Amino acid sequence: MLKCFKNCLRPSSLHTLPLQYGILFPQLLACLVHLHFGHFSSAVISVTSFYLSMNLDGSAQDPEKREYSSVCVGREDDIKKSERMTAVVHDREVVIFYHKGEYHAMDIRCYHSGGPLHLGDIEDFDGRPCIVCPWHKYKITLATGEGLYQSINPKDPSAKPKWCSKGVKQRIHTVTVDNGNIYVTLSSEPFKCDSDFYATGDFKVIKSSSR
């Protein structure tokens with residue numbers, strides 16, 4: 001066994017030497033501990049799993065990163081008439097808007113309190129089209145999912161309110177058109193988004209896909 005590991009540890013280059021030793025050493029250690037102590041090797045094996053989950057550059061892979069296939073949610077002619085539609089894409093409820101010649105898709109429930117965005121109005125704020133939640137009037141940009149609010153300097157009473165961004169609050173998904181069909185691809189970005197909380201089964205509002 002030791003001879004086998006010795007052969008494996010021959011570096012292909014000086015650049016990969018630290019990485020090869022870093023990955024293979026825990027494996028060797030796990031085997032030795034298992035032979036001598038049996039069940040006590042679980043702790044060492046967990047260390048090995050961590051090393052094996054790393055990329056070649058030494059950084060850990062993000063377990064939240066996922067890739068989704070595109071799903072056909074309807075016809076282009078239909079959404080151009082209604083200017084919006086709802087759909088269930090990979091068990092996630094989304095709303096698709098058609099506004100001024102552009103398509104936008106996002107989680108159907110508002111990040112603030114789960115309001116039904118598909119029932120809201122689209123208005124421009126600070127030159128940016130936003131969906132306004134019908135429950136509490138929260139404003140979300142169609143293009144980026146940012147939450148907008150007005151701010152004023154309390155030390156300057158004469159100052160005019162300015163539109164500010166809270167950052168991305170609503171998860172945005174990709175819309176594509178192919179041969180008259182509308183496809184939605186769920187966001188695979190690993191960051192946590194406030195609207196994710198209301199995208200679970202407990203808050204579903206759609207019984208079946210709207211076409």
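In this chain, numbering begins with 1 at the start of the sequence shown. Just so it is clear, the model here is predicted, and its values are computed rather than measured.
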Are side-chain heavy atoms of [X] and [Y] found at a separation under 4.5 Å?
X	Y	result
V175	H104	no
K139	K137	yes
P134	P116	yes
C130	I140	no
L142	I131	yes
V94	T86	no
Y98	I96	no
H90	V71	yes

query: When you look at I152 and K162, which way does the side chain to side chain contact (heavy atoms under 4.5 Å, CB included) test go after all the steps?
result: CA-CA 6 Å; I152 191 170; K162 295 182 179 180; over 6 Å; no
Which heavy atom of [X] sits nearest to which heavy atom of [Y], and what is that distance?
X	Y	answer
G115	C133	CA-SG, 3.8 Å
M106	T141	CE-O, 3.9 Å
T185	H173	O-CB, 3.5 Å
Y138	C110	CB-SG, 4.2 Å
A87	V73	CB-CG1, 3.6 Å
L148	F125	CD1-O, 4.1 Å

message: Main chain of I182, side chain of R75: is a donor-acceptor contact present, judged purely on distance under 3.5 Å?
response: no
message: Determine whether a donor-acceptor pair (N or O, by modelled atom type, separation under 3.5 Å) exists between the side chain of D156 and the backbone of N153.
response: no
- request: Mark yes or no: R171 above the aromatic ring of F191, with NZ or CZ under 6.0 Å from the six-membered ring centre and no more than 45 degrees from the axis.
  value: yes
Joint hydrophobic cluster, [X] plus [Y], side-chain heavy atoms closer than 4.5 Å:
X	Y	answer
V177	V184	yes
V89	Y68	yes
L119	V88	no
V132	W163	yes

Do we see a donor-acceptor contact under 3.5 Å between the side chains of [X] and [Y]?
X	Y	value
Y111	K166	yes
Y103	E76	yes
S187	E189	no
S165	E146	yes

Nearest 0.5 Å, what's the [atom1]-[atom2] distance between [X] and [Y]?
X	Y	atom1	atom2	value
N181	S70	CG	OG	12.0 Å
K80	E83	NZ	CD	11.5 Å
W135	S113	CH2	OG	6.0 Å

message: Among R92, Q170, K169, exactly one meets side-chain hydrogen bond (donor to acceptor under 3.5 Å, both in side chains) together with D107. Which residue is that?
response: R92
- request: Classify the angle between the aromatic ring planes of H136 and H112 as parallel (below 30°), tilted (30 to 60°) or perpendicular (above 60°).
  value: perpendicular
